[in-house]
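Note that the structure is a prediction, hence the values are computed from the model and not measured. Letters go in sequence order (proteins before strands), and every chain restarts at 1. Atoms considered below: every heavy atom in the structure, side chains included; atoms not considered: hydrogens, waters and symmetry mates.
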2 protein chains.
Amino acid sequence: MIKFSLCPRYEIAFELLGKKWTGLIIRSLLDGPKRFSALSEIIPHMSAKVLADRFKELERLGIIVRNVYPETPVRIEYCLTEKGKALQPALDEIQKWAENWITLDPP
Amino acid sequence: MIKFSLCPRYEIAFELLGKKWTGLIIRSLLDGPKRFSALSEIIPHMSAKVLADRFKELERLGIIVRNVYPETPVRIEYCLTEKGKALQPALDEIQKWAENWITLDPP
DNA sequence: ATTATATGTTACATAAAGTAACTAGATTAT
DNA sequence: ATAATCTAGTTACTTTATGTAACATATAAT
């Protein structure tokens, strides 16, 4: 009997996207480079601790780069790489799905 | 100043996909209905506890249905709804991204 | 020296996931 | 009748991930 199994690359992709906040961080950065404080405002329920963790992991995986501008006060921007930008079609499809199938609770 | 913010439906979509194992479970079910033990074999590192939790949540969200066949021994199948099947394009794009950008460690 | 600002870090608390043993209900074997 | 088997979970307990709020560091302006 042939056993169905998942693609290992797909599994690795979901080690990333299957973590809380990651999909929101990357989508925010598709809009353009952003700094730490800006991301914190865009995703207010995410703690600074987790944002720092995610930035480190995304940088390690080559999905974002950290750019330091020694102004005053210092400005640090996080920017998607080609690998990161290449996630846009996938995240756009999730957006489409959400618009078609998610109903918001009435306020 | 206009503040960039994320689509609430997209955020809800990632409350789902941003949980460990969810993306793998749904992708497996796109292949056809499957039972508890089959999923456990397809995703061997996932515990039965979490699989039971995910099945309950996915059913609550209307993404899967649980079908009971009173054979002997009992057979229970989990099957994607239209809402669940509609995730296929998104997961296919993640698959494409993974094939283009994820390199596997050499064995 | 004091203040201000951005970018984080740290210590501690709670929630989520992992592990391994166990349960329930329905056959089937002894 | 009792024990063994099978699927589909559950339970008690441990470990990991995330949340919270206070603190640290670097730079420059006052």
query: Which listed nucleotide (D:dG9, D:dT7, C:dT19) is nearest to the side chain of B:Pro73?
result: D:dT7
message: Using whole Å, what does the distance between atom P of nucleotide D:dT20 and atom CH2 of A:Trp21 come to?
response: 9 Å
query: Within the structure shown, what part of the strands sits under 4.0 Å from A:Phe55 by heavy-atom distance: base, sugar-phosphate, or nothing?
result: nothing
- prompt: Looking at A:Ile64, A:Leu39, A:Leu80, which one forms a side-chain contact (heavy atoms from CB on, under 4.5 Å) with A:Lys34?
  reply: A:Leu39
- prompt: Are A:Val68 and A:Leu58 in one and the same hydrophobic cluster, where Ile, Leu, Val, Met, Phe, Trp and Tyr link if side-chain heavy atoms are under 4.5 Å apart?
  reply: yes
- request: Can you figure out which of D:dT10, D:dA8, C:dT7 approaches the side chain of B:Arg66 most closely?
  value: D:dA8
query: Which nucleotide sits closest to the side chain of A:Ser47: C:dG18, D:dA8, D:dG19?
result: D:dG19
- prompt: Given atom CD1 of B:Ile43 and atom C1' of C:dG18, what is their separation to the nearest angstrom?
  reply: 15 Å
message: Return whichever of B:Lys49 or B:Arg75 has its heavy-atom-nearest nucleotide of DNA chain D closer to the 5' end.
response: B:Arg75
- request: May I have the distance from B:Glu41 (atom CD) to D:dT7 (atom P), rounded to whole angstrom?
  value: 9 Å
statement: Here the distance between atom C1' of C:dT28 and atom CD of B:Glu71, to the nearest Å, is 17 Å
query: Same cluster or not: are A:Val65 and A:Leu87 linked, directly or through other Ile, Leu, Val, Met, Phe, Trp or Tyr residues, by side-chain heavy atoms under 4.5 angstrom apart?
result: no
message: Tell me the interatomic distance from A:Glu77, atom CD, to C:dG8, atom C1', rounded to whole angstroms.
response: 17 Å
A:Lys20, nearest nucleotide to its side chain (from C:dG18, D:dT18, D:dT10): D:dT18
- request: Decide whether B:Leu104 and A:Ile63 are clustered together by the hydrophobic rule: side chain heavy atoms of Ile, Leu, Val, Met, Phe, Trp, Tyr closer than 4.5 Å, transitively.
  value: yes
message: Looking at B:Arg35, I'd like to know whether one of its side-chain N or O atoms comes within less than 4.0 Å of OP1 or OP2 on D:dT7.
response: no
field: Nearest-neighbour nucleotide for the B:Phe36 side chain, D:dT20, C:dA17, D:dA8 considered
entry: D:dA8
task: Considering just the side-chain nitrogens and oxygens of A:Tyr78, establish if one lies under 4.0 Å of OP1 or OP2 belonging to C:dG8.
output: yes
- line: With the side chain defined as heavy atoms from C-beta on, B:Lys19 is closest, among C:dA6, D:dT20, C:dA17, to C:dA17
task: Output yes when A:Lys96 and A:Glu93 qualify as a salt bridge under the 4.0 Å nitrogen-oxygen rule, no when they do not.
output: yes
- prompt: Charged N to carboxylate O below 4.0 Å: is that the case for B:Lys56 and B:Glu59?
  reply: no
field: Nearest listed nucleotide, side chain of B:Val50, among C:dG8, D:dG19, C:dA17
entry: C:dA17
message: Using whole Å, what does the distance between atom P of nucleotide D:dA17 and atom NZ of A:Lys56 come to?
response: 14 Å
query: Considering only D:dG9, D:dA28, C:dT7, which nucleotide approaches the side chain of A:Thr72 most closely?
result: D:dA28
- line: Against the side chain of B:Arg54, the closest entry in C:dA17, D:dG19, D:dA8 is C:dA17
field: Of A:Val74 and A:Asp53, the one whose closest DNA chain C nucleotide lies more 5'
entry: A:Val74
- prompt: From the list C:dG18, D:dG9, C:dT9, which nucleotide is the closest neighbour of the side chain of B:Ile76?
  reply: D:dG9
field: Whole-Å gap separating P (C:dA15) and CE (A:Met46)
entry: 20 Å
Length of the line joining A:Leu39:CG and C:dA6:P, which is rounded to integer Å: 15 Å
